Structure formats: C-alpha cells, structure tokens
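It should be emphasised that the depicted structure is a prediction, and the values quoted were computed from it without experimental measurement. By convention in this document, chain letters (A, B, ...) are assigned in the order of the sequence lines, proteins followed by strands, and residues within each chain are numbered from 1.
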Amino acid sequence: MDVSPILDNLNDAQRQAVSAPAGNQLILAGAGSGKTRVLVHRIAWLIQVEKVSPYAILAVTFTNKAAREMRGRIEELLGLNPKGMWVGTFHGIAHRLLKAHWQDAKLPKNFQILDSDDQLRLIKRVHQALQLDEEQWPAKQSQWFINHQKDEGLRPQYIQTNGDLHQETMVRVYAAYEEACQRGGLVDFGELLLRAHELWLNNPRLLEHYQERFPFVLVDEFQDTNTIQYAWLQVLSGGKCAVTAVGDDDQSIYGWRGAKIENIQRFHQDFPGADVVKLEQNYRSTANILNAANAVIENNSGRLGKTLRTDGDDGEKVSLYAGFNEQDEARFIVERIEDWQRKGNKLETTAILYRSNAQSRILEEALLREAVPYRIYGGQRFYERLEIKNALAYMRLIINRNDDAAFERVVNTPTRGIGSKTVDGIRLFAREHGCAMWDAASQMVTNKGLTPRAAGSVNGFLELVNELDNQSSDLSLDKIASMAVNSTGLLEFHQKEKGEKGQARIENLQELLNACRSFVPGNEELTPLEEFLDGAALDAGEAQADEFEDAVQLMTLHSAKGLEFPLVFMAGVEEGLFPHRMSAEEPGRMEEERRLCYVGITRAMEKLYISYAESRRMYGSETFNTVSRFVKEIPDNLIEEVRLKSTVSRPVRYGAKNAPKLVGGGNKVAGRLSDGGGDTGLRLGQRVSHPTFGEGVVLHFEGNKIQLNFKDVGTKWLIAGAKLDPI
DNA sequence: AAGATAGTCGTTTTT
DNA sequence: CGACTATCTT
C-alpha cells in the first residue's frame, strides 16, 4: 500500500495524528493548523491503510456545512464517495437513528421536527393551557429552561425543585410541553439528542449493535459538545470503540448555549488511553497576527496549553484605529477597504467582524455611501422565513394531521374566515379531549360545535388538506409542493402583500419549488416528502443570494469561526461592547469573550485592523468607552496606531441615517433639492423599491441617471424617469 | 382582519 | 434610537 498520498504534505504532528494506531485520541488543533485536513486524512488512513470498512466509521460535526465539507473532501481524497459511511451533524445522526428505530424510541413513524420558532409557539399554548400570566411567565424563559434541561439530559421528573415556585412552574411547563409534543409526534432539537441517548440506554441490544458497527468514531469541534452530546458519545463508545476528538479549547465560544469546554478536558478520564496530539503549526496568519492572538489568549486560565507558531514572515503590524465615533470608525474601515481594492485585491478577501449584529447598520451605511458592495452573513435563514414555513406547514399536515404547530400556522393562512375565537375554541376542545387540533376541528364540525359560518370555513380547511393528501399519493415532490403553494392560495395570498415584501416572498416560494424540483431522495425508508421536510428542519439552508458578486463580508465574530480572510477588520473593540458588558461579572464568561477575540484575530491571514469608537450611540444615548482590555493584552511591538492623516475628516453630510424620513405614503418630497437629486423626489441614501429590481438604495446622481444599489441584483444605473418609490 | 399606535427592550445562535 | 410586539381601532 502506497501511503504517500495520505501522508505527504503533512507535518510531523499531523502525520502522527493521521497514522496513530487504533484507539482513543484527542487532537488539539489550533486555529489554522489544518484540522479538517487531519480529520479527513485520518479517515482515509483508516479506510485505505487499516482496511477499515467505510461502514465502520462514524464522523460527527456540528454544522451541516462542516458535514458537507468533510464529505466533499473525503470524496476528493479517496476518489470516490465512500457510500454507507455515516457523516453528519449530531442532530442529523440522532434523527437518523430515531427514524430507524422509531418504535424503540416510542415515537410515531412520521414524527416531525420542531424548530425553535415552532417550539416557542407551542410553549405559548402550553402557558395558556396552564393559565400562566404572560407578564410573569415569559414563554421565552420557559423555552430556555426546557432546552437547557434537555441539553443537560434531564427529564422533568428528575429535576429537583426544592419547593421553589419558579422552578416548580418551569417543571410543570416542561412536563406539559413534553406531553403536547408526544401527542403531536413532535420532536425539538434537544429532544432529538435526548431521545437518541435514551434509545441506547433503554435498548442494550441496539446499543451493542451500533457499538459493533462503529468501532471508529470521529468528532469535530469537540470543544462545542454539550452534556448530552458528550454522554451520547460516551455511551456509544462503551469503552470499546476508538473515539477521535478534534477540537480547540481556545475556540470554545458557545458556552452560553450549553457547550461544555470541560468536555475536552475530561476526555482523558472518560476515554482511557487517549493519545494526545497538538497541532500548533499555523498555516494561515503572519507571525505578527499570530503572536497577537497568542498574547491575548495567554491571559486565560486552565487552558490545555497550545502555542501556535508559524514559519511565515512577520508581516505587517496589527493596526489600531481610535475612531472619534462609530461613524468615523466605519468611514475609516471603508477607506482602508477602498485602498485595498485599489491595490488589486478582491473585496471578498476582506471581512468586517463585530461583536453584535446591531453594529452592522452603521457599517452598511458607510459602505453604501461609497458604493462598496457588501454581503451580510447571518440573519434569517431560508427555511425559517414566514412564507416558506407556511408552505411547509401544509406539506407537514399532509403526512401528519396531528402536527398542531403546522395546523395553527396555516388554519387561517391564507385567511379563510377562521378567526382567533374559532381557533381558541378548537384549541380548548383539543386540550379537554387530549387530542390533536385536527381531530378537535373535525369533531366540532360534525357535532355542530361551531357557528355555521365557522363550521363551513373549518370544514373547507379540513377538506383542502385531505384533498392535498389524496392527490399527493402518486405525485412527485415538486408537484406536491406546487399544490401546497398554489392550490392552497398561499401564493396568491403573499402576492397580495404590497411592496417589496410580497415580491421577495413570491421569489422565496419559487425558490422552494426549485429546491423541491432538484431534490434527490436518498432514503428508501421514507417518502421523498418526508425526507425533504426532515432535511428542511435540520438544515436551515444558509445558501442565499449574490454569490457571484464580489463583495465585502460582514458578520459577527461567532459566525466567523472556521473562516479565514486575507484582510480582517475587528470593529467596536471597546470595553462594554467587546468584551460585552453582560459578560463582565463572571470570570468564566469573560474568558469566553477572550476566546472570541482570539477567534477574531486568528481569522486574519495578512492584515488585521482593530478599531474602536471613543463615543458611540447605543440605545439612543451617547456612550463613551475605552479601548478593550484585549487590545491592551497585545504587546506594543505588534501594534501600530493609526493616526488621522488630516485633522479634519470629511464631514458626513448625507446618508440613509441622517436624512429625514419621508412621512406619509407620498413619493414626492416637495422642494427638496437634495444633493443633486434634482426633481426626482429622491435623495442620496434614499431607500426605494422598484417593480422588477426590488428594494434598493440611491447611491449617485449623474445627469439624468441615478445609480442604485439593489438588495438582490446589485448596483444598477437607471434613468431619472424610472419607476422608483421611496420606502 | 388589516392598520395604526403605544409600549418594550436591547449579546452571541452550529441544530 | 428603532425594531418588534401587543393591543386597540375601524
């Protein structure tokens, strides 16, 4: 066997990790140290050198993106897709297990996945049923409580309340919620993991089967595992199979979501004989950037201790800019980006990172003023959009009438004369009879439990869904989806929504149909419809728009994890904002903020700018902050302070923010000669909507032409007579 | 059942 | 300040 393709081009530590003898191993992989590479090569090694069957390997990640990437790279390296290999997210794999063993898991065959939005709605209803005052008992809080308990692997009956009213109420809500889920055949994200864990504990034979099937388990981003995920792995391994954990304690930034950094430290105890390999060679950043990162993270205690090094050049120093205010900071960043672009670099090589989403607006405005295209990551995901969820709800009802979440969502969408009073009645009936709302509705129709008018409408709805179901049995997925969008009147309903919103919703629905058309089923156990719906719930579908346009990337520090960019800006690096004031009290949380800073710095390959604003408008009032402690932790010799070139910075005269808002629906701004806008009724920075191009912003006026930047189609020049409505 | 209006609250978000 | 919600109007 020629092992060279697998081991060539790896450094010593990487090679050691890849070719280690079978057994538990912990790979501590620093930022930019080729973590995924090692993971993928390890798998290739097992298959090609150790002759392990691909069936015997289980690889677990956190995100779908990571799972996809791993699959792709395995395929690339091995030259084929190792079919039968299990590569997926914790949730995806748990789901797969529950689907395969639904009876043992005590679930209906066609159970549905509840996303956090559905979950919250359901909890609200539970609150109502328990007659909890919304003021005193926010549903959000219960949601947090329930999810937290599930993350910790706790069922309501095992939670100690000690007679505390708050605790007791939360447990009551949890128990009632659980009942509602069970009745509706609904499973939330936490439940997937918890059930999968219990599935094994309660079925030793099944567990044994999987332990034998998967002698090799690999886990990515191990520092992000929570209690239940860790327990699940521990049970699976049973001390028998070899677990490879790859992670970086310094990049643990999801503690607030239940991730336990301790898991990576505990690994030795629970997975005996673990081989530890540290990947400390960084292939990403210049020495100056790396040393800055090292200097910052050194201030954390209890680290497993890794120090990244590089063979590369020192590179440029880290630049620090003290903005006079947030506008000035944003202006500075945009100027630097324009410089960078002038030097022949693509915009997509640069990223602006910030602690909180609220910071993006001011940056966007500055970019807009200079007509620099940008793209924001994060925000609402495709399958979470209202119109998409509506369509999916119909599809869900087709396969499961007990899905109350779906029922409530579309029973009156599009509006068909079923008001809140009727729905309340149905809900009450369902609660009293312990049945699903669907059954409640149909019983109430037959038993004359409704006013004649309501009965007619409700019956219409029931028949509509039944009809969809009847027709769907021998239709392809995209035909079914098309029915769910068209025959239900959903499309028409959203079409009627005025303005840009309706337009976007229509497009999204089209996109949904496209997705259905190109969906390739891969599971014989399930109908394509079932498979598609499960996929939609587990993969929120991040792919959105504008891949083709060269644009600056804006995102939070959290979403930047795992990415890299030649030029990086970290904005708003001020005490109170970063580290965030909410994290100030507890040392543990402060350390997590520091790790977040470490993540941010190590995203940069060639050049890093750190900036802050001496004064910043927050929540409407002006605040004065000092530079972040993290900046002070970087040695002076690695930093270079940027001074203002000219004493007077260009005044910001206009822009979306400062310009007065239009009042009333009129599209004329009488008498306003705004910055060359002439008599178009428009001004720079004005948000407008166009019938075909959608929502956009005015960038420039030149002669009788207007340059606009549209959300969806980018920048365009239009003539002054174009049909543009201010919004 | 859509539209206006007053009140609220304000990190980060893999599934 | 401004986005989002809950509530009140018509």
When you check the gap from the basic side-chain N to the acidic O, do [X] and [Y] get nearer than 4.0 Å?
X: Asp115(A); Y: Arg381(A); answer: no
X: Glu221(A); Y: Lys561(A); answer: yes
X: Glu585(A); Y: Arg589(A); answer: no
X: Arg616(A); Y: Glu574(A); answer: yes
X: Asp328(A); Y: Arg331(A); answer: yes

Sorted by number, the residues of residues 137-152 of chain A with heavy-atom contact under 4.0 Å to DNA chain B: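 Contacts with DNA chain B under 4.0 Å: none.
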Length of the [atom1]-[atom2] vector between [X] and [N], whole Å:
X: Leu120(A); N: dT5(C); atom1: CG; atom2: P; answer: 10 Å
X: Asn325(A); N: dC1(C); atom1: CG; atom2: P; answer: 16 Å
X: Leu386(A); N: dT5(C); atom1: CG; atom2: C1'; answer: 15 Å
X: Arg121(A); N: dA6(C); atom1: CZ; atom2: P; answer: 11 Å
X: Arg361(A); N: dC1(C); atom1: CZ; atom2: P; answer: 12 Å
X: Asp539(A); N: dT15(B); atom1: CG; atom2: C1'; answer: 9 Å
X: Gln359(A); N: dG2(C); atom1: CD; atom2: P; answer: 16 Å

Can a donor-acceptor pair be found, under 3.5 Å and without considering hydrogens, that links the side chain of [X] to the backbone of [Y]?
X: Ser611(A); Y: Glu329(A); answer: no
X: Ser360(A); Y: Asn357(A); answer: yes
X: Arg595(A); Y: Ser252(A); answer: yes

What distance, rounded to whole Å, do you find between the two P atoms, one in dT13(B) and one in dC4(C)?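 Going atom to atom, P in each nucleotide, I get 15 Å.
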In whole Å, measure the gap between the P atoms of dT12(B) and dT5(C) for me.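 Approximately 15 Å lies between the P atom of dT12(B) and that of dT5(C).
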Considering residues at least two apart in sequence or located in another chain, which fulfil the side-chain contact (heavy atoms from CB on, under 4.5 Å) criterion with Thr626(A)?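 Counting only residues at least two positions away or on another chain, Thr626(A) forms a side-chain contact (heavy atoms from CB on, under 4.5 Å) with Glu575(A).
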Given DNA chain B, 5'-ward residue of the pair Asn412(A) and Ser116(A), judged by closest heavy atom: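 Checking each residue's closest nucleotide, the 5'-ward one belongs to Asn412(A).
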Strictly under 4.0 angstrom, non-hydrogen atoms only: write out the protein contact profile of nucleotides 9-14 of chain B, one letter per nucleotide from the 5' end, B, S or -. -BBBBB
